[in-house]
Amino acid sequence: MEAEIYPGSCLCGAIRFELQGAPSDLAHCHCRMCQKAHGAVFATFAIVPHTAFRFTAGADRVASYRSSGHASRSFCPQCGSALQYLPDGRETFGLAVSALDRPLEPQPVREFCTDSRTDWLARSDP
């Protein structure tokens with residue numbers, strides 16, 4: 001049985017991709033870099049293997065920014081949509097869930113860098 005395909009794109013549609021199979025590992029990152037890169041109080045990523053992902057249009061347009069000594073971030077230079085968090089030397093990367101064309105089924109989400117969490121954000125922990 002073949003895995004379901006999850007399509008996605010940047011805001012302007014210049015960059016398109018497919019993810020083979022539903023992601024099962026989601027994470028909210030509250031670090032200041034993610035907040036700035038996504039223009040939001042946190043970024044939500046699906047942790048996916050490189051082998052399950054492929055660009056279907058605009059791969060030559062994807063821009064990247066070396067955001068730290070151990071990772072880069074990819075984005076669309078035309079519309080600014082964040083796409084990927086790419087840690088060096090890993091078989092997986094963080095795919096911006098907001099770039100998927102349809103919502104994912106509800107599932108548990110891990111949270112990182114909660115010391116940078118915005119104070120006024122409703123907390124999910126007791």
Side-chain angles (χ1 to χ4, degrees):
M1 185 163 137
E2 198 166 311
E4 188 173 2
I5 300 296
Y6 286 78
S9 66
C10 63
L11 178 63
C12 70
I15 299 170
R16 299 206 51 80
F17 62 85
E18 289 180 345
L19 177 61
Q20 185 176 14
S24 59
D25 191 8
L26 297 184
H28 294 319
C29 184
H30 297 270
C31 81
R32 291 297 295 146
M33 280 193 278
C34 282
Q35 289 172 352
K36 288 181 179 233
H38 290 255
V41 294
F42 61 87
T44 303
F45 294 102
I47 310 306
V48 299
H50 288 280
T51 56
F53 178 88
R54 74 181 185 100
F55 287 106
T56 58
D60 58 329
R61 295 177 150 186
V62 176
S64 67
Y65 172 70
R66 187 84 177 155
S67 58
S68 70
H70 65 272
S72 296
R73 296 168 186 269
S74 74
F75 60 95
C76 175
Q78 184 168 317
C79 66
S81 294
L83 300 171
Q84 299 165 296
Y85 173 77
L86 300 155
D88 296 341
R90 294 222 183 128
E91 294 179 4
T92 60
F93 69 93
L95 175 63
V97 170
S98 57
L100 291 169
D101 287 347
R102 66 177 194 238
L104 296 173
E105 292 295 320
Q107 57 189 282
V109 178
R110 293 183 294 142
E111 297 199 49
F112 294 99
C113 300
T114 56
D115 56 325
S116 302
R117 186 181 351 208
T118 303
D119 287 339
W120 50 262
L121 183 65
R123 299 190 183 254
S124 59
D125 54 341

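- Partners of Glu18 according to the side-chain hydrogen bond (donor to acceptor under 3.5 Å, both in side chains) rule, which considers only residues two or more places apart in sequence or in another chain, are Arg54.
- Rounded to the nearest 0.5 angstrom, Arg73 CZ and Met33 CE are separated by 5.5 Å.
- Nearest heavy atom pair, residue Ala14 against residue Cys10, reads N-SG, 3.5 Å.
- Between the side chain of Thr114 and the main chain of Arg117, no donor-acceptor pair closer than 3.5 Å is present.
- With sequence neighbours excluded, no residue forms a side-chain hydrogen bond (donor to acceptor under 3.5 Å, both in side chains) with His50.
- Taking Ile, Leu, Val, Met, Phe, Trp and Tyr as members and joining any whose side-chain heavy atoms lie under 4.5 Å apart, directly or through other members, the hydrophobic cluster of Leu100 also contains Tyr6, Ile15, Phe17, Leu19, Leu26, Val48, Phe53, Phe55, Val62, Leu83, Leu86, Phe93, Leu95, Val97, Leu104, Val109.
- Cys76 approaches Cys12 most closely through the heavy-atom pair SG-SG, 3.9 Å.
- Every residue meeting the side-chain hydrogen bond (donor to acceptor under 3.5 Å, both in side chains) condition with Asp101, not counting sequence neighbours, appears here in chain and number order: Ser9, Arg16.
- Here the CG-CZ distance, from Leu11 to Phe75, works out to 14.5 Å after rounding to the nearest 0.5 Å.
- Taking Asp88 as the reference, Arg66 meet the side-chain hydrogen bond (donor to acceptor under 3.5 Å, both in side chains) condition, with sequence neighbours excluded.
- Between Arg110 atom CZ and Asp25 atom CG the span is 4.0 Å, to the nearest 0.5 Å.
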Run the side-chain donor-acceptor check on residues 34-46: report pairs under 3.5 Å with partners two or more places apart or on a different chain.
{"unit_1": "Gln35", "atom_1": "OE1", "unit_2": "Arg32", "atom_2": "NH1", "d": "2.3"}
{"unit_1": "Gln35", "atom_1": "NE2", "unit_2": "His30", "atom_2": "O", "d": "3.0"}
{"unit_1": "Gln35", "atom_1": "NE2", "unit_2": "Val41", "atom_2": "O", "d": "3.2"}
{"unit_1": "Gln35", "atom_1": "NE2", "unit_2": "Ser116", "atom_2": "O", "d": "3.1"}
{"unit_1": "Thr44", "atom_1": "OG1", "unit_2": "His28", "atom_2": "ND1", "d": "2.7"}

